[in-house]
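Proteins come first, then strands; the chains are lettered A, B, ... in the order of their sequence lines, and each starts at number 1. Computed from a predicted structure; not experimentally measured.
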There are 4 protein chains.
Amino acid sequence: MKKDKPKYKQIIDAAVVVIAENGYHHAQVSKIAKQAGVADGTIYLYFKNKEDILISLFEEKMGQFVRSIRSRMAGKENAVEQLEVLIESHFYMLSEDYHLAIVTQLELRQSNKDIRLKINEVLKEYLLLVDEILHNGVKKQIFSEELDIRLARQMVFGTIDEVVTTWVINEQKYDITKLAPEIHSLLVKALSK
Amino acid sequence: MKKDKPKYKQIIDAAVVVIAENGYHHAQVSKIAKQAGVADGTIYLYFKNKEDILISLFEEKMGQFVRSIRSRMAGKENAVEQLEVLIESHFYMLSEDYHLAIVTQLELRQSNKDIRLKINEVLKEYLLLVDEILHNGVKKQIFSEELDIRLARQMVFGTIDEVVTTWVINEQKYDITKLAPEIHSLLVKALSK
Amino acid sequence: MKKDKPKYKQIIDAAVVVIAENGYHHAQVSKIAKQAGVADGTIYLYFKNKEDILISLFEEKMGQFVRSIRSRMAGKENAVEQLEVLIESHFYMLSEDYHLAIVTQLELRQSNKDIRLKINEVLKEYLLLVDEILHNGVKKQIFSEELDIRLARQMVFGTIDEVVTTWVINEQKYDITKLAPEIHSLLVKALSK
Amino acid sequence: MKKDKPKYKQIIDAAVVVIAENGYHHAQVSKIAKQAGVADGTIYLYFKNKEDILISLFEEKMGQFVRSIRSRMAGKENAVEQLEVLIESHFYMLSEDYHLAIVTQLELRQSNKDIRLKINEVLKEYLLLVDEILHNGVKKQIFSEELDIRLARQMVFGTIDEVVTTWVINEQKYDITKLAPEIHSLLVKALSK
DNA sequence: GATGAATGAGCATTCATTCAT
DNA sequence: AATGAATGAATGCTCATTCAT
């Protein structure tokens with residue numbers, strides 16, 4: 001399995017750094033190869049083309065992201081607590097990975113439609129997680145029984161994403177993890193009966 | 001003033017059509033010129049460079065957007081009603097301009113960081129409007145007195161933006177104006193005491 | 001009409017020189033542009049792509065070639081004399097254009113299948129000319145009435161082509177036009193009753 | 001002697017198949033290795049480089065070709081009969097080896113000038129055979145005493161080669177061996193007194 | 001003011017060859 | 001002898017911008 005070979009992850013990590021530091025449009029394959037400490041051609045032993053690097057990057061990182069949130073959520077049965085963990089984890093993990101935050105919030109959004117469609121596929125995993133929390137909350141009668149899950153999910157994701165993007169645009173000048181309680185409180189109020 | 005000459009608007013409208021129909025990355029200056037019925041070189045008599053077209057496009061359209069919402073809000077003193085008008089207007093205006101919705105929600109976001117920063121400058125006008133509503137609501141004790149205006153604004157804008165983007169990605173298959181009451185209700189619950 | 005603009009012919013002539021001097025595989029577009037005294041991008045105002053340059057080169061030169069032979073044949077009614085003119089003209093014209101001889105006999109044959117198919121299309125004009133001479137000779141009972149035109153044409157073309165290629169491979173060390181009478185005599189003997 | 005080891009021939013036969021099926025420009029060393037059932041690196045234990053495979057291929061196959069014709073000619077003393085055997089054998093052997101015909105008539109001609117020059121070296125064996133027949137015919141006063149052997153050889157080879165190439169381009173749709181008598185007859189007429 | 005022909009910088013990808021195992 | 005992962009040089013084409021007319 002190619003994904004388990006060390007150079008696979010090595011190249012993806014190099015791509016994150018190069019894109020974050022140079023911007024999407026100046027992230028040439030040769031720069032990524034240099035950063036990864038391999039020859040240009042080696043990239044193509046692990047990835048079909050440049051597009052494939054970006055999609056794999058997102059899959060790999062977003063996969064970890066969702067798995068990590070799920071494991072942190074383990075044991076929490078209450079939807080309010082689950083949402084708390086989701087927000088805290090989301091903010092915490094991006095605050096711990098400076099480069100990844102820039103890449104996911106700003107740079108990867110410049111990619112063409114094909115790449116973004118594939119990225120959206122990957123995002124669905126995250127959105128499903130949000131849906132699970134919302135369904136749980138409604139079932140346990142913590143959230144409003146008339147809640148439109150689809151719209152509520154858009155509010156939750158839209159709010160979190162906007163807060164993170166604003167923080168990245170402001171060059172991460174403040175501690176985003178400190179915003180979690182207030183965001184959580186706002187969202188819970190919106191969702192509750 | 002260049003902005004008052006007919007070709008200025010002619011070129012901006014051409015840019016909206018060309019970007020919406022071809023996508024950001026296939027919207028060459030020569031295509032925009034053709035659509036506007038002018039020579040390539042003529043573009044540069046009205047705009048410094050391609051970047052300037054895009055920023056001007058956003059300024060022009062977002063300016064109209066905010067002015068239009070303000071005029072619809074005239075007479076409403078209640079923050080809850082004002083927010084209602086904001087959401088309804090936002091959804092209504094984009095639902096009336098198919099091309100503009102695609103351009104602002106999907107295509108222009110593919111531009112590079114520099115352009116997006118300038119676009120954010122222009123967005124501030126809209127965000128100020130949101131802030132005004134929120135301040136008003138807090139002052140009139142309709143919204144929670146402990147509301148963090150900055151975060152609340154990010155929630156309002158993030159939610160509205162995500163709802164619109166989802167609608168555009170789904171090719172505007174449903175009537176977005178019908179979602180306004182529910183979104184309004186969710187946000188008001190979040191903001192209220 | 002693009003073909004009538006001076007730069008069209010200028011680029012084709014440059015391509016002949018560059019290919020003859022550097023070989024097919026080292027004839028980069030940038031070298032052709034430099035030789036033609038234009039920018040790389042200018043090439044693409046006149047030709048769809050590199051392949052198109054090569055096909056156009058062959059069309060242009062082979063077209064002239066056939067037209068030139070036809071005009072030299074004007075007035076000759078006798079198939080034996082027509083064949084004489086054909087051979088003499090063929091040898092003479094290539095002996096006058098050192099670079100073109102190299103390009104048509106050696107370099108262009110390295111092109112890929114697509115290009116060679118299109119080149120073969122163009123060659124058909126020449127082969128039709130040979131057919132006309134052969135038909136004429138048979139009709140006038142100068143050539144054998146049982147002549148298989150298709151095979152005879154392959155003999156005529158194969159012989160002429162091999163003689164020219166041998167001369168080019170030997171770096172044109174001898175005067176090929178002096179070989180015309182003997183080749184003519186051999187072919188006429190073969191074709192005659 | 002490397003040429004006697006089984007893998008030597010194995011690689012050459014693989015090269016014929018791969019070139020015939022994929023075309024010269026898509027016949028990568030790795031494909032040849034795969035077809036031969038060896039590792040890429042193994043190729044380089046038997047051949048200096050890719051060029052060397054192609055030249056060796058031609059040497060090996062053309063050597064067999066000439067030896068085979070010579071053995072079929074054994075016993076024929078008459079130049080006319082010898083030429084008959086040459087043409088028949090040439091056509092017969094290529095009609096029996098579908099892949100080889102494609103490779104020698106079409107694909108190998110796309111190789112660069114250096115390789116083609118070396119291939120021509122190998123071809124000399126064949127041309128010497130033609131020369132022998134011609135000399136024999138002249139000595140025995142069957143062929144014209146004034147025959148220019150060099151030009152006559154070019155006619156014989158050029159004609160045969162063109163007939164075979166035309167047959168291969170037409171995807172071997174007809175039986176080329178049936179053309180031998182007519183080609184023989186044309187050539188004998190040309191060469192005779 | 002308006003034109004549009006000309007410019008030229010910039011980059012993903014392939015594949016023959018090597019060499020540590 | 002045999003392997004196959006790794007190497008890295010080499011190039012066609014696009015398109016924003018200019019400037020002579």
Side-chain angles (χ1 to χ4, degrees), chain A residues 2 5-7 10-11 22 25-34 36-54, chain B residues 2 5-7 11 25-34 36-54, chain C residues 2 5-8 10-11 25-34 36-54, chain D residues 2 5-7 11 25-34 36-54:
Chain A
K2 276 189 178 163
K5 295 197 180 172
K7 287 198 178 160
Q10 199 173 322
I11 291 166
N22 299 275
H25 289 293
H26 293 100
Q28 296 94 337
V29 171
S30 61
K31 267 190 198 149
I32 296 173
K34 199 170 194 177
V38 301
D40 293 16
T42 305
I43 299 267
Y44 293 87
L45 297 176
Y46 295 89
F47 300 91
K48 231 175 43 249
N49 49 37
K50 187 179 178 179
E51 194 165 294
D52 190 28
I53 306 176
L54 304 176
Chain B
K2 277 187 177 167
K5 298 202 178 169
K7 287 195 179 164
I11 290 166
H25 290 292
H26 294 101
Q28 294 91 343
V29 171
S30 61
K31 265 189 199 150
I32 296 174
K34 198 170 192 180
V38 300
D40 293 17
T42 305
I43 298 266
Y44 292 87
L45 298 174
Y46 295 88
F47 299 91
K48 226 170 56 244
N49 49 37
K50 187 178 179 181
E51 194 165 297
D52 190 27
I53 306 176
L54 305 175
Chain C
K2 277 190 176 161
K5 295 197 180 170
K7 288 197 178 160
Y8 180 85
Q10 200 173 322
I11 290 166
H25 289 292
H26 293 100
Q28 297 93 336
V29 171
S30 61
K31 267 189 197 150
I32 296 174
K34 199 170 195 177
V38 300
D40 293 17
T42 305
I43 300 267
Y44 294 87
L45 297 176
Y46 295 89
F47 300 91
K48 230 173 45 248
N49 48 37
K50 187 177 178 181
E51 195 166 293
D52 190 30
I53 305 176
L54 304 176
Chain D
K2 277 186 176 165
K5 299 203 178 171
K7 287 198 179 162
I11 290 166
H25 289 293
H26 295 101
Q28 294 90 342
V29 171
S30 61
K31 267 190 197 148
I32 296 173
K34 196 170 192 180
V38 300
D40 294 16
T42 306
I43 299 266
Y44 292 87
L45 298 174
Y46 294 89
F47 300 91
K48 224 171 54 245
N49 48 36
K50 187 178 180 181
E51 195 164 296
D52 189 29
I53 306 176
L54 304 176

Next item on the list: Verify the contact: side-chain N or O of D:S30 to OP1 or OP2 of E:dC15, cut-off strictly under 4.0 Å; return yes or no.
Entry: no

Next item on the list: Could you state the atom-to-atom distance from CD1 of D:I32 to C1' of E:dT17 in whole Å?
Entry: 14 Å

Next item on the list: Rounded off to whole Å, could you give me the CD-to-P distance for the D:Q28 and E:dT14 pair?
Entry: 10 Å

Next item on the list: Calculate the interatomic distance between C:K34 atom NZ and E:dA6 atom C1'; express it in whole Å.
Entry: 18 Å

Note to self: Both B:H25 and D:A39 contact DNA chain F. Which one's nearest nucleotide lies toward the 5' end?
What the structure shows: D:A39

Note to self: Taking the minimum atom-to-atom distance to the side chain of D:L45, which one of F:dA1, F:dT18, E:dA2 wins?
What the structure shows: F:dA1

Checklist line | Residue met sooner reading DNA chain E from 5', once C:I43 and D:H26 are mapped to nucleotides | finding: C:I43

Next item on the list: Starting at atom CD1 of B:I11, determine the distance to atom C1' of E:dG1, rounded to an integer number of angstrom.
Entry: 12 Å

Margin query: Return the pairing partner of E:dA20 with a 3.5 Å limit on both distances, Watson-Crick or G-U wobble; otherwise return none.
Written below: F:dT3

Notebook entry, point to check: More than 12 foreign heavy atoms under 6.0 Å from NE2 of B:H25: is that the case here?
Noted result: yes

Notebook entry, point to check: Can you tell me how far CD1 of C:I11 sits from CD1 of C:I43, rounded to the nearest 0.5 angstrom?
Noted result: 4.5 Å

Notebook entry, point to check: So which nucleotide from E:dA12, F:dT3, F:dC13 ends up closest to the side chain of A:V29?
Noted result: E:dA12

Margin query: For D:A27 and B:G37, find the nucleotide of DNA chain E closest to each by heavy atoms; which residue's nucleotide sits nearer the 5' end?
Written below: B:G37

Item checked: DNA chain F: 5'-proximal contact among B:K48 and A:K7 (nearest heavy atom) -> A:K7

Check: Where the side chain of D:K50 is defined as all heavy atoms beyond and including C-beta, which of E:dC15, E:dC11, E:dT17 is the nearest nucleotide?
Finding: E:dT17

Margin query: Just N and O in the side chain of D:K5: are any of them under 4.0 Å from OP1 or OP2 of F:dA1?
Written below: yes

Margin query: With side chain to side chain contact (heavy atoms under 4.5 Å, CB included) as the criterion, how do B:K34 and B:K31 come out once you've worked through the C-alpha distance, each side chain's angles and the decisive distance to 0.1 Å?
Written below: CA-CA 5 Å; B:K34 198 170 192 180; B:K31 265 189 199 150; 5.6 Å; no

Item checked: Nearest-neighbour nucleotide for the C:D40 side chain, F:dA2, F:dC13, F:dA9 considered -> F:dC13

Note to self: Whether A:Y46 contacts F:dA6 is assessed here as follows: a side-chain N or O lying under 4.0 Å from the phosphate OP1 or OP2. Is that the case?
What the structure shows: yes

Item checked: Euclidean distance, atom CZ of residue A:F47 to atom P of E:dT14 [Å, nearest integer] -> 15 Å

Notebook entry, point to check: When the distance from CG of B:D52 to C1' of F:dT17 is rounded to whole Å, what number comes out?
Noted result: 14 Å

Check: Which heavy-atom pair separates A:V29 from A:Y44 by the least distance, and what is that distance?
Finding: CG2-OH, 3.7 Å

Next item on the list: Output the distance between atom CG (C:L45) and atom OH (C:Y8), rounded to the nearest 0.5 Å.
Entry: 14.0 Å

Check: Considering every strand shown, what is the Watson-Crick or G-U wobble mate of E:dG8 when both distances are under 3.5 Å?
Finding: F:dC15

Check: Rounding to a whole Å, what distance do you find between C:Y44:OH and E:dA5:P?
Finding: 19 Å

Next item on the list: Measure the CD-NZ distance between D:Q28 and D:K50 for me, rounded to the nearest 0.5 Å.
Entry: 6.5 Å

Notebook entry, point to check: Quick one: B:K31 NZ to F:dT14 P, roughly how many Å, whole number?
Noted result: 12 Å

